[in-house]
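Report on the structure given below.
Because the structure is a prediction, the values reported are computed rather than measured.
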Amino acid sequence: MSEVSTNGGDIRGIHAAPVSEWLAKHVAGARPPFRFELIAGGHSNLTYKVTAADGELFVLRRPPMGAVLATAHDMGREHKIIAAIGAKTDVPVAPALGLCDDAGVNDAPFYVMKFVTGYVITDATTVARLFSPEKRNEIGASLVGVLARLHNVDPDAIGLGDLGRKEAFLPRQLNRWRTQWQKSKTRELRAMEEVHDALVALMPEQHGATIVHGDYRLGNCITSDGARIAAVLDWELCTLGDPLADVGYLMNNWAEPGEVGGSAAAAASPSAAGGFQTRAEVLAMYSSLTGRDASNVDYYRAFQYWRLAAIVEGVMARYLKGVMGGKADTDAFRAQIDGLANSALTLVRTLR
């Protein structure tokens, strides 16, 4: 259930009085009093819907409470990304409206963006209820087209050339997420070490560098009534590097109707409802729009399963420490992490 403030009062993660004062002063058209609602479903940065006195809607993002990896929860960095992409490209994002870097206002920096109307589609049941098979095909085409447009952006041309190092993307990512795994793991998981070693041994050469979203899937987008991607959300893992990392991640969250096996995420994904493109059609469409060869996508799929296992382990560890603003089913988390690690292991063994 979402947590909602009453009469402009505090809720977990929001000091209503100073935040309201900041909003009224720094965000054009924001009229107090404000109502704050913690949007359910986030396991990392915390996201709130803010309703102004006149009904105008905004979105506020802040880091989770407690000690976390600074680079993964940098509000200024995330604000910079969506501000640049929104102003200088045709990739749809929620318009950035303001950044508060004074931790004294709300115990941590936060930023505010415009509320974009539409649907966040995370499962097959929802998409089947909302959209016909023909519209689902349009959504799939829009999703792939937006990713291609993102990967065709020159980071230097929009002021994001300093977002990260462009070279050695996979070595840096493998080091980063192995370090996170080692720091946050709650038990030993042999598959994680075997997959890491295989990914190092089988690493492909990187061809170019683009903006990499890091968590690109339909569930991290707002879809309009017109079956188009209205905004791409959750840019906290965005960096510069190998664009095929995003493609591998998308494929891990893409299922064909009646498919048996694979990850639980793919099996429950919107594309399992039918009407969407096949994986082969997605890859062909992406290659046509970008000119990139995606034939080695299974390496990137294995990498993304492994990386996501490390991320989810970190999320579970934060829940266990009580810094995520709620409780969670840790047995379900462990099952998810085990499944991701095993999916990665299955894929890397086919690459040898």
Could you tell me whether [X] and [Y] make a salt bridge, using a distance below 4.0 angstrom between a side-chain N and a carboxylate O?
{"X": "Glu313", "Y": "Lys183", "value": "no"}
{"X": "Arg172", "Y": "Asp242", "value": "no"}
{"X": "Glu138", "Y": "Lys135", "value": "yes"}
{"X": "Arg178", "Y": "Glu193", "value": "yes"}
{"X": "Asp338", "Y": "Arg187", "value": "yes"}

Legend entry - Sequence-distant partners of Asp90, side chain to side chain contact (heavy atoms under 4.5 Å, CB included), two or more places apart: Arg149
At their closest point, which heavy atom of [X] faces which heavy atom of [Y], and how far apart are they?
{"X": "Gly274", "Y": "Pro257", "value": "CA-CG, 3.4 Å"}
{"X": "Val116", "Y": "Pro95", "value": "CG2-CD, 4.3 Å"}
{"X": "Phe58", "Y": "Glu56", "value": "CZ-CG, 3.4 Å"}
{"X": "Asp10", "Y": "Ala16", "value": "OD1-N, 2.7 Å"}
{"X": "Gly161", "Y": "Asp156", "value": "CA-OD1, 3.2 Å"}
{"X": "Val105", "Y": "Cys100", "value": "CG2-SG, 3.8 Å"}

Inset, instruction - Scan side-chain atoms only and decide if Tyr111 and Asp101 contain a donor-acceptor pair under the 3.5 Å cut-off. - result: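 Result is no, nothing qualifies.
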Pairwise distance [atom1]([X]) to [atom2]([Y]) - rounded to 0.5 angstrom:
{"X": "Glu37", "Y": "Thr47", "atom1": "CD", "atom2": "OG1", "result": "11.5 Å"}
{"X": "Leu130", "Y": "Thr125", "atom1": "CG", "atom2": "OG1", "result": "10.5 Å"}
{"X": "Arg12", "Y": "Leu46", "atom1": "CZ", "atom2": "CG", "result": "9.0 Å"}
{"X": "Leu163", "Y": "Trp235", "atom1": "CG", "atom2": "CH2", "result": "10.0 Å"}
{"X": "Arg301", "Y": "Trp254", "atom1": "CZ", "atom2": "CH2", "result": "12.5 Å"}
{"X": "His196", "Y": "Trp306", "atom1": "NE2", "atom2": "CH2", "result": "5.0 Å"}

Please tell me if the side chains of [X] and [Y] come closer than 4.5 Å, counting only heavy atoms from C-beta onward.
{"X": "Val59", "Y": "Val112", "result": "no"}
{"X": "Val91", "Y": "Ile211", "result": "no"}
{"X": "Arg61", "Y": "His79", "result": "no"}
{"X": "Val297", "Y": "Arg279", "result": "no"}
{"X": "Asn253", "Y": "Leu218", "result": "no"}
{"X": "Ile14", "Y": "Leu60", "result": "yes"}
{"X": "Leu237", "Y": "Ile311", "result": "yes"}
{"X": "Val144", "Y": "Leu147", "result": "no"}

Inset, instruction - Starting from the C-alpha separation in whole Å, work towards a yes-or-no answer on side-chain contact (heavy atoms from CB on, under 4.5 Å) for Val127 and Arg136. - result: CA-CA 8 Å; Val127 76; Arg136 293 172 219 164; 4.0 Å; yes
Inset, instruction - For Arg307 and Gln304, run side chain to side chain donor-acceptor pair (under 3.5 Å): C-alpha distance rounded to whole Å, both residues' side-chain angles, the deciding distance at 0.1 Å, then the answer. - result: CA-CA 5 Å; Arg307 167 181 168 268; Gln304 291 290 17; 2.7 Å; yes
If you count heavy atoms of other groups shown closer than 6.0 angstrom to [atom1] of [X], is the number above 12?
{"X": "Lys185", "atom1": "NZ", "result": "yes"}
{"X": "Glu21", "atom1": "CD", "result": "no"}
{"X": "Glu167", "atom1": "CD", "result": "yes"}

Inset, instruction - Say whether, by atom type as modelled, one donor and one acceptor occur between the side chain of Ser287 and the main chain of Arg292 under 3.5 angstrom. - result: yes
Legend entry - Flag, side chain of Thr350 to backbone of Leu347, donor-acceptor distance under 3.5 Å: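 Side chain of Thr350 to backbone of Leu347, a donor-acceptor pair under 3.5 Å: yes, one is there.
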Inset, instruction - Over 60° means perpendicular and under 30° means parallel, so classify the ring planes of Phe36 and Phe34, tilted if in between. - result: tilted
Legend entry - Whether Tyr119 and Phe131 hold their rings parallel, tilted or perpendicular, with breakpoints at 30° and 60°: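 Rings of Tyr119 and Phe131: perpendicular, as their planes differ by over 60°.
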Inset, instruction - Output, in order, the C-alpha distance, side-chain angles, deciding distance and verdict of side-chain contact (heavy atoms from CB on, under 4.5 Å) for Ile81 and Arg77. - result: CA-CA 6 Å; Ile81 291 166; Arg77 184 176 187 273; 4.0 Å; yes
Inset, instruction - Apply side chain to side chain donor-acceptor pair (under 3.5 Å) to Asp246 and Tyr300, showing your working. - result: CA-CA 8 Å; Asp246 275 341; Tyr300 296 90; over 6 Å; no
Legend entry - Ring centres under 6.0 angstrom apart (Tyr286, His151): yes
Inset, instruction - Decide yes or no on side-chain contact (heavy atoms from CB on, under 4.5 Å) for Val282 and Phe276, but give the supporting numbers first. - result: CA-CA 9 Å; Val282 168; Phe276 288 87; over 6 Å; no
